[in-house]
Amino acid sequence: RVCRGGGSFWRFCAMSSPQPMLDMMKGVTSLLVLSLLMVNMFRGAGSALWWNRYMVYPMTYVVAMQLGRGEHLLPSLAVGTLLRYIVNLLFTILSKLDWFAEPRRINRANPPADQHERELDWDGPVILSPVAFVLVDAVTPLLREETVVPLSWWGILVMFLGHYLITEPIYYAFHRILHLPNVYKASHSHHHASTVTEAISGTSHPMAETFGYLANFSFPFLLPAWLGVFSYGLVPIYFVFFDVLNCVGHCNFEAIPPWMQLGPMKYFVYTSAYHSLHHTKYKFNYCLFCPIWDYLGGTVHPTTDELHGQVLAQKPRRLDAVFLAHAHGLHSMLHLPWFSPYLATHQHEVRWWMKPLQPFNFIWALFCRYFIDTTCIQRYQFRGTECATWCLPVTAHFYFMRSQREAIFEMILKAVRDADDAGVRYLGLAHLNKAEWINHGGCDIVSRLEEHRKIRVVHGNTLTAATVWQALRQYTEPQDEVVFAGSTSKIGRALCILLARRGNIVHMITGCQERFEKIRADAGEEAGKKLVRMKTYEEGKGRRHWVIGKQMSDESIKELIPPGSLIVDFAVPHVPQEVATAYRYVNGAALNYSRRDTDLTFCHDVPNTMPACLAATIIHAREDRGEHEVGEIEVEDVEGWWDRAVKNGFSLSCIEPNQAGRCIAPSAGGSGSDSGKAEAGVRAKLA
């Protein structure tokens with residue numbers, strides 16, 4: 001009876017009942033959570049909550065269900081979103097396939113590693129597009145379920161009219177505004193920090209820009225909806241159309257053939273080179289995909305057509321040096337630049353989300369072993385020397401299977417011949433590709449090469465030995481006793497002899513008496529007396545100078561080696577950084593280099609370093625002495641190799657106790673017995 005006063009009061013009473021109020025509170029809470037997740041998306045990859053960005057997807061579903069708006073659009077949005085990820089992945093793969101992209105590459109430098117981390121936000125517009133559709137359906141009647149019609153050619157035509165007649169000119173004007181000095185500095189500089197673009201660079205933008213783009217890119221859907229011809233099929237069609245052309249402009253290889261630039265087509269279809277010029281010249285070529293607006297605005301760069309022709313006519317670069325690597329564990333298959341340029345710049349390690357993928361990785365590893373040929377991982381230059389890392393598609397466990405050894409040897413031999421056919425002058429062998437049981441440190445490869453082959457094979461072990469030797473000269477005195485794990489390897493043999501001749505007592509951990517006696521004999525009568533055999537690691541417990549050339553468990557290192565002791569490590573895999581930081585640690589198998597010297601970004605092993613065997617391959621190519629480096633190490637060559645490394649810009653990679661990542665610049669060279677003021681100063685600092 002109280003509610004008879006009027007309809008408005010009756011509605012208030014209805015809303016005051018518990019269930020509607022509860023539903024409203026749920027809706028408001030869900031919108032608030034969704035808003036917070038959306039804002040968090042733009043906090044940068046360094047944020048601890050970065051990966052919560054993908055919670056926007058389920059929250060969009062929750063909001064749609066609670067609002068009762070947009071849920072009918074979700075299936076087509078899910079299909080379209082999946083297709084967007086596939087398109088971007090395919091263009092990323094194509095841009096990293098050397099045989100495909102190299103002849104068409106526009107900018108022949110690699111993007112810096114920090115760009116890959118910055119562009120982890122590339123899928124922000126992909127994530128937010130479903131949100132935009134749900135919100136439009138919540139506030140306007142244009143996309144309501146009852147207005148949706150079956151897909152038709154008329155609907156597709158209207159969608160493209162919306163793009164070319166509305167979105168394109170608005171984008172051009174908006175883009176010109178973004179290049180105004182204050183606006184550019186505040187926002188658009190984020191996108192233009194990528195001068196060498198990746199396929200995904202086109203959607204890496206700050207929050208305000210992203211929202212502006214989403215509003216503009218809504219017209220190809222709103223126009224059909226306004227004319228009553230909107231259908232669910234338009235969503236995946238436009239998503240794929242947009243992302244394909246966006247990737248074309250940013251993939252850094254020319255994807256548009258000459259015939260698509262004939263006649264009036266050049267005004268409606270841009271080229272990869274066209275937009276690449278925008279990222280290097282900035283104040284030209286502003287259009288989205290349709291150059292006519294640049295022609296009308298007078299902002300077409302004068303070299304646009306010339307660059308397109310040059311790129312399509314160029315030939316692949318001739319390589320001076322190739323480093324033949326191999327896969328580590330199953331997880332390393334996910335660190336390839338085809339799948340993730342970001343992961344490719346980071347140390348190969350198992351991340352939590354990789355564990356459920358291990359069965360698929362195993363199947364992929366088997367497929368690669370039997371059906372994939374050696375492939376180029378990355379091209380790069382070092383001080384003008386053209387280099388590349390090739391990868392044998394074989395994971396480490398295959399190398400230890402007797403049944404696989406002959407096949408792997410033939411794969412390596414084929415890779416060497418292929419490199420020679422391509423004009424490569426030097427080929428370096430990574431860890432297991434030069435294993436004694438595979439090819440005797442490269443000797444079997446050289447013996448099988450035909451006489452007309454000009455390529456030279458390099459195992460690079462001499463520089464690894466030189467790096468360890470330099471560290472030992474700097475951080476030990478001749479009276480120090482050294483425990484040596486992995487002492488009977490090629491590198492270990494050379495180092496034990498050098499240490500003994502210097503005057504150090506070397507405790508060689510080995511189970512092979514015969515190999516030990518041979519090394520003692522090679523050292524000479526006097527130096528041989530300095531070599532002492534240890535049968536077990538435990539015999540070295542408590543000693544403070546260790547060389548680790550054979551993998552030790554983390555537990556063994558902590559138990560046997562006191563904190564603050566010197567560890568010079570050339571084992572693969574290396575001592576983990578979280579363990580190494582408790583010691584005076586030098587990685588003898590990895591060298592520091594200046595990033596100004598190279599555009600190498602692929603992480604071969606230790607981040608921000610280069611494997612010594614790769615550095616040796618580059619030095620061989622730069623000095624071009626025409627020599628193979630295979631088999632046993634010539635002890636007399638070790639010290640000279642360190643001088644050559646320093647001359648070419650390499651230095652030691654070392655860590656002070658409890659100072660992760662802090663490296664000490666070593667002195668350059670000196671004789672084996674020198675302990676000058678520079679070395680003494682470094683030792684005093686470390687002590």
Participant: Can you pull out every side chain to side chain donor-acceptor pair (under 3.5 Å) where at least one residue sits in residues 234-243? Sequence neighbours excluded, please.
Facilitator: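 Found Arg84-Asp243, Asn88-Asp243, His163-Tyr238.
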Participant: Cation-pi between Arg104 and Phe100: NZ/CZ under 6.0 Å from ring centre and within 45° of the ring axis?
Facilitator: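 Yes, a cation-pi geometry.
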Participant: Is Met55 atom CE crowded by more than 12 heavy atoms from other residues, nucleotides or ligands, each under 6.0 Å away?
Facilitator: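 Counting neighbours around CE of Met55, 12 or fewer heavy atoms of other residues, nucleotides or ligands fall under 6.0 Å, so no.
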Participant: For Val131, run the side-chain contact (heavy atoms from CB on, under 4.5 Å) check against Val63, Leu214, Val56 and tell me which one passes.
Facilitator: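 Only one option passes, and that is Val56.
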Participant: Does atom CH2 (Trp153) have a neighbourhood of more than 12 heavy atoms from anything else shown, all under 6.0 Å?
Facilitator: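 Not buried by this count: 12 neighbours or fewer within 6.0 Å.
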Participant: Please answer whether the main-chain N or O of Met65 pairs with a side-chain N or O of Arg69 as donor and acceptor at a distance below 3.5 Å.
Facilitator: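 Not at all, since once roles are kept as given, no pair shorter than 3.5 Å links the two residues.
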Participant: Contact between Thr92 and Phe339 at the side-chain level, heavy atoms closer than 4.5 Å - yes or no?
Facilitator: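 No, every pair of side-chain atoms sits at 4.5 Å or beyond.
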Participant: Strictly by salt bridge (Lys or Arg N to Asp or Glu O under 4.0 Å), give each pair with a member in residues 35-54 just once, sequence neighbours left out.
Facilitator: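 Only Arg53-Asp123 qualify under salt bridge (Lys or Arg N to Asp or Glu O under 4.0 Å).
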Participant: Assess the residue pair Phe160 and Phe241 against the criterion (side-chain contact (heavy atoms from CB on, under 4.5 Å)); give the C-alpha distance rounded to whole Å, side-chain angles, the decisive distance to 0.1 Å, and a yes or no.
Facilitator: CA-CA 10 Å; Phe160 282 114; Phe241 159 79; 3.7 Å; yes
Participant: Are any non-hydrogen side-chain atoms of Pro125 and Tyr213 less than 4.5 angstrom apart?
Facilitator: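 Not in contact.
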Participant: Show your reasoning for whether ring pair (Phe, Tyr, Trp, His ring centres under 6.0 Å) applies to Phe289 and Phe242.
Facilitator: CA-CA 9 Å; Phe289 309 137; Phe242 183 92; 5.3 Å; yes
Participant: Count the heavy atoms of every other residue, nucleotide or ligand shown that sit under 6.0 Å from CZ of Arg595, and state whether that count exceeds 12.
Facilitator: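 12 or below, so no.
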Participant: For side-chain contact (heavy atoms from CB on, under 4.5 Å), just list the numbers for Cys290 and Tyr270, CA-CA rounded to whole Å, side-chain angles, deciding distance to a tenth of an Å, and then say yes or no.
Facilitator: CA-CA 6 Å; Cys290 187; Tyr270 78 162; over 6 Å; no
Participant: Using the six-membered ring wherever Trp is involved, compare the ring planes of His191 and His275 and label them parallel, tilted or perpendicular (cut-offs 30° and 60°).
Facilitator: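 Ring orientation, 0 to 90° scale: tilted.
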Participant: Enter the distance from Met354:CE to Leu334:CG here, rounded to the nearest 0.5 Å.
Facilitator: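 The CG atom of Leu334 is 5.0 Å from CE of Met354, to the nearest 0.5 Å.
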Participant: Measure across Trp226 and Leu142 and return the closest heavy-atom pair with its distance rounded to 0.1 Å.
Facilitator: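 It is CA-CD2, 4.1 Å.
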Participant: Could you tell me if Arg176 sits above the aromatic ring of Tyr286, with its cationic atom closer than 6.0 Å to the ring centre and no more than 45 degrees from the axis?
Facilitator: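 Positive - Arg176 is close enough to the ring of Tyr286 and near enough to its axis.
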Participant: Just so I know, are the side chains of Leu223 and Val229 near enough to count as touching, which here means a heavy-atom distance under 4.5 Å?
Facilitator: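 Result no, sub-4.5 Å side-chain heavy-atom pair not found.
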Participant: Any non-hydrogen side-chain atom of Leu36 less than 4.5 Å from a side-chain atom of Met59?
Facilitator: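 No, side chains not in contact.
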Participant: Nearest heavy-atom pair of Glu198 and Ser95: which atoms, and what distance?
Facilitator: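 Residues Glu198 and Ser95, closest heavy atoms: OE1-OG, 4.3 Å.
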Participant: For Phe211, look at atom CZ and say whether over 12 heavy atoms of other residues, nucleotides or ligands are found less than 6.0 Å away.
Facilitator: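 Enclosed: over 12 neighbouring heavy atoms sit under 6.0 Å from CZ of Phe211.
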Participant: With rounding to the nearest 0.5 angstrom, report the OG to CZ distance, Ser201 to Arg118.
Facilitator: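 Between Ser201 OG and Arg118 CZ, I get 8.0 Å after rounding to 0.5 Å.
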Participant: Hey, could you give me the CZ/CZ distance between Arg369 and Phe367, rounded to the nearest 0.5 Å?
Facilitator: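 Going from the CZ atom of Arg369 to the CZ atom of Phe367 covers 13.0 Å.
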Participant: Would the distance check show the side chain of Ser340 and the main-chain N or O of His335 forming a donor-acceptor pair, the cut-off being under 3.5 Å?
Facilitator: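 Pair absent, no side-chain N/O of Ser340 close to backbone of His335.
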Participant: Is the backbone of Pro576 close enough, under 3.5 Å, to the side chain of Glu578 for a donor and an acceptor to pair up by distance?
Facilitator: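 Absent.
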Participant: Could you tell me if the side chain of Lys283 sits less than 4.5 Å from the side chain of Thr299, heavy atoms only?
Facilitator: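 Side-chain contact under 4.5 Å: no.
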Participant: Kindly compute the distance separating CH2 (Trp338) from CE (Met333), expressed to the nearest 0.5 Å.
Facilitator: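 Answer rounded to 0.5 Å: 8.0 Å.
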Participant: Donor-acceptor pair, distance only, cut-off 3.5 Å: does the side chain of Thr203 make one with the backbone of Trp122?
Facilitator: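 It does hold such a pair.
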Participant: Please work out which of the three classes, parallel, tilted or perpendicular, describes the rings of His188 and His205, given edges at 30° and 60°.
Facilitator: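 His205 and His188: parallel rings.
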Participant: Does Leu73 offer a backbone N or O that forms a donor-acceptor pair with the side chain of Ser76 under 3.5 Å?
Facilitator: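 Such a contact is found between Ser76 side chain and Leu73 backbone.
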Participant: Provide the closest heavy-atom pair for Leu94 versus Ala101 in the form atom of the first, atom of the second, distance.
Facilitator: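 Between these two residues, the closest heavy atoms are O-CB, 3.5 Å.
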Participant: Closer than 3.5 angstrom, by distance alone: can the side chain of Tyr583 be matched with the main-chain N or O of Ile557 as a donor-acceptor pair?
Facilitator: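 Checking the backbone N and O of Ile557 against the side chain of Tyr583, a donor-acceptor pair under 3.5 Å is found.
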Participant: Do His278 side-chain atoms and Phe284 backbone N/O form a donor-acceptor pair below 3.5 Å?
Facilitator: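 Judged by distance alone, yes, a pair lies under 3.5 Å.
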Participant: When rounded to the nearest 0.5 angstrom, what distance separates CG in Leu161 from CD1 in Ile166?
Facilitator: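 Reported to 0.5 Å precision, the distance equals 9.0 Å.
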Participant: Can you list everything that forms a side chain to side chain donor-acceptor pair (under 3.5 Å) with Asn285? Sequence neighbours excluded, please.
Facilitator: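 Asn285 satisfies side chain to side chain donor-acceptor pair (under 3.5 Å) with Thr304 only.
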Participant: Is the closest side-chain donor-acceptor distance between Thr389 and Gln378 under 3.5 Å?
Facilitator: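 No.
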Participant: Taking all heavy atoms of Leu83 and all of Pro236, pick out the closest pair and write down the distance.
Facilitator: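 Looks like CD1-CB, 3.9 Å.
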Participant: Looking at side-chain heavy atoms only, is the closest gap between Asn110 and Val196 below 4.5 Å?
Facilitator: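 Asn110 vs Val196: side chains apart.
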Participant: Nearest 0.5 Å please: distance from the CD1 atom of Ile256 over to the NZ atom of Lys266.
Facilitator: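 Atom-to-atom, Ile256:CD1 and Lys266:NZ are 14.0 Å apart.
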Participant: Checking side-chain contact (heavy atoms from CB on, under 4.5 Å) for the pair Ser204/Ser194: CA distance, chi angles, key distance, verdict?
Facilitator: CA-CA 10 Å; Ser204 176; Ser194 304; over 6 Å; no
Participant: Going through the checks in order, is the side-chain contact (heavy atoms from CB on, under 4.5 Å) test met by His192 and His179?
Facilitator: CA-CA 10 Å; His192 273 280; His179 277 259; 3.2 Å; yes
Participant: Would you mind telling me which of Ile86, Ile200, Val244, Asn246 makes a side-chain contact (heavy atoms from CB on, under 4.5 Å) with Phe91?
Facilitator: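 Going through Ile86, Ile200, Val244, Asn246 one by one, the side-chain contact (heavy atoms from CB on, under 4.5 Å) with Phe91 is satisfied by Val244 alone.
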Participant: Can you find a pair of side-chain heavy atoms, one from Phe133 and one from Phe221, that are under 4.5 Å apart?
Facilitator: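 Touching, per the 4.5 Å side-chain cut-off.
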Participant: Of all heavy-atom pairs between Ala215 and Ser218, which one has the smallest distance, and what is that distance?
Facilitator: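 So the minimum-distance heavy-atom pair works out to O-OG, 2.5 Å.
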Participant: Closest approach of Pro224 and Phe219, non-hydrogen atoms and distance?
Facilitator: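 Where Pro224 meets Phe219 most closely, the heavy atoms are CD-O, 4.0 Å.
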Participant: State plainly whether the residues Glu102 and Arg108 are in salt-bridge range, i.e. N to O under 4.0 Å.
Facilitator: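 Arg108 and Glu102: salt-bridged.
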Participant: Does any non-hydrogen side-chain atom of Cys251 lie less than 4.5 Å from one of Ser272?
Facilitator: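 Touching, per the 4.5 Å side-chain cut-off.
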Participant: Using atom types as modelled and distance alone, determine if a side-chain donor or acceptor of Gln358 lies under 3.5 Å from a backbone N or O of Leu330.
Facilitator: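 No: the side chain of Gln358 does not pair with the backbone of Leu330.
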Participant: Kindly check if the number of other-residue, nucleotide or ligand heavy atoms within 6.0 Å of OH (Tyr54) is above 12?
Facilitator: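 Counting neighbours around OH of Tyr54, more than 12 heavy atoms of other residues, nucleotides or ligands fall under 6.0 Å, so yes.
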